[in-house]
Amino acid sequence: MNCQSFETESGYLCVYEKDGRVFKIQFNQRCEGKINREIATQFQEYLEGRRKTLDFPVEVPGTEFQKRVWASLRKIPYGHVVTYKELAEKLKTAPRAVGQALKANPLPIYFPCHRVVAKDSIGGFTGGIQWKRMLLKIEGCEF
DNA sequence: GCTTTTTAGCCCG
DNA sequence: CGGGCTAAAAAGC
């Protein structure tokens, strides 16, 4: 596992890689370099199973609805899963709309969309269902 | 702008 | 399995 941080024209970028797959994470301008390295460390610790929550300030682009859904993801406890339907009921919307919003998740792991599964299956995950399985496994959740 | 299609779901027969 | 429901976003007009 490798995790690095860079400065780019639009903000800071954190890249982490495992098993040949790459996640790229973009941060807003307000993140200090010091905080940025701290963030990279948080991701690394999470992937090694030594950290349960990621916590740092971030601003992501999205509609009001999407941001509301993403925020709600962070209330799902570590190692716990909910279904699209349960989340939809909580947010007073429809399961498919939740799926749409999760698909647009700009910051996986920080917004733990892998903790949302379908009623009778694991559901989807952008960039590979293997990631979802792996992340759940890290959290000790066999699915 | 307004209309149609698409979607990481779900339920019923 | 196959349709019908559904809300949001994207694509089409």
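Each chain gets a letter, A, B and so on, in the order the sequences are listed, and its residues count up from 1. All of these numbers come straight from a predicted model, not from anything done at the bench.
Under a 3.5 Å cut-off, the side chain of A:Trp70 and the backbone N or O of A:Cys113 do not form any donor-acceptor pair.
Using a cutoff of 4.0 Å between basic side-chain nitrogens and carboxylate oxygens, A:Arg68 and A:Glu64 are not scored as salt-bridged.
Of the side-chain N and O atoms in A:Thr93, one or more sit less than 4.0 angstrom from OP1 or OP2 of C:dA8. At the phosphate of B:dC11, OP1 or OP2 sits under 4.0 Å from a side-chain N or O atom of A:Lys119.
When distances run from any side-chain atom of A:Ala94 to the nucleotides B:dC11, C:dT6, B:dT6, the shortest one goes to C:dT6. Closest contact between the side chain of A:Pro95 and the listed nucleotides B:dA8, B:dT7, B:dC10 involves B:dC10. The side chain of A:Ala118 sits closest to B:dC10 out of C:dA8, B:dA8, B:dC10. Closest to the side chain of A:Ala97, out of B:dA8, C:dC5, C:dA8, is C:dA8. Closest approach to the A:Phe65 side chain among B:dA8, B:dT7, C:dA8 is made by C:dA8 (side chain taken as heavy atoms from C-beta onward). Among the nucleotides B:dG9, C:dA9, B:dA8, the one closest to any side-chain atom of A:Lys103 is B:dA8.
When rounded to the nearest whole Å, the span between CH2 of A:Trp70 and C1' of B:dA8 equals 14 Å. With rounding to whole Å, A:Lys132 atom NZ is found 11 Å from B:dA8 atom P. Atom-to-atom, CZ of A:Phe125 to C1' of B:dA8 comes out at 10 Å; the value is rounded to the nearest Å. Distance A:Arg68 CZ to C:dA7 P: 13 Å, rounded to the nearest Å. Rounded to an integer number of Å, the gap from A:Leu87 CG to C:dA8 P is 13 Å. One can place CD of A:Gln100 at 11 Å from P of C:dA11, the figure rounded to the nearest angstrom. For A:Asn105 and C:dA9, the CG to P distance is 14 Å, given to the nearest whole Å. One interatomic measurement links the two molecules: CG of A:Asp120 to C1' of B:dG9, which rounds to 11 Å at whole-angstrom precision.
Ring planes of A:Phe43 and A:Phe56: tilted class, angle from 30 to 60°.
Using Watson-Crick or G-U wobble geometry with both donor-acceptor distances under 3.5 Å, C:dA7 finds its partner in B:dT7. Look at B:dG1: its Watson-Crick or wobble partner, with both distances under 3.5 angstrom, is C:dC13.
Scanning atom types as modelled, one donor and one acceptor separated by under 3.5 angstrom connect the side chain of A:Thr126 and the base of B:dA8.
The cationic atom of A:Arg96 (NZ for Lys, CZ for Arg) does not lie both less than 6.0 Å from the six-membered ring centre of A:Tyr84 and within 45° of the ring axis.
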Quiz item: Given A:Phe143 and A:Lys137, is the side chain to side chain contact (heavy atoms under 4.5 Å, CB included) satisfied, shown in steps?
Solution: CA-CA 8 Å; A:Phe143 204 87; A:Lys137 195 169 184 179; over 6 Å; no
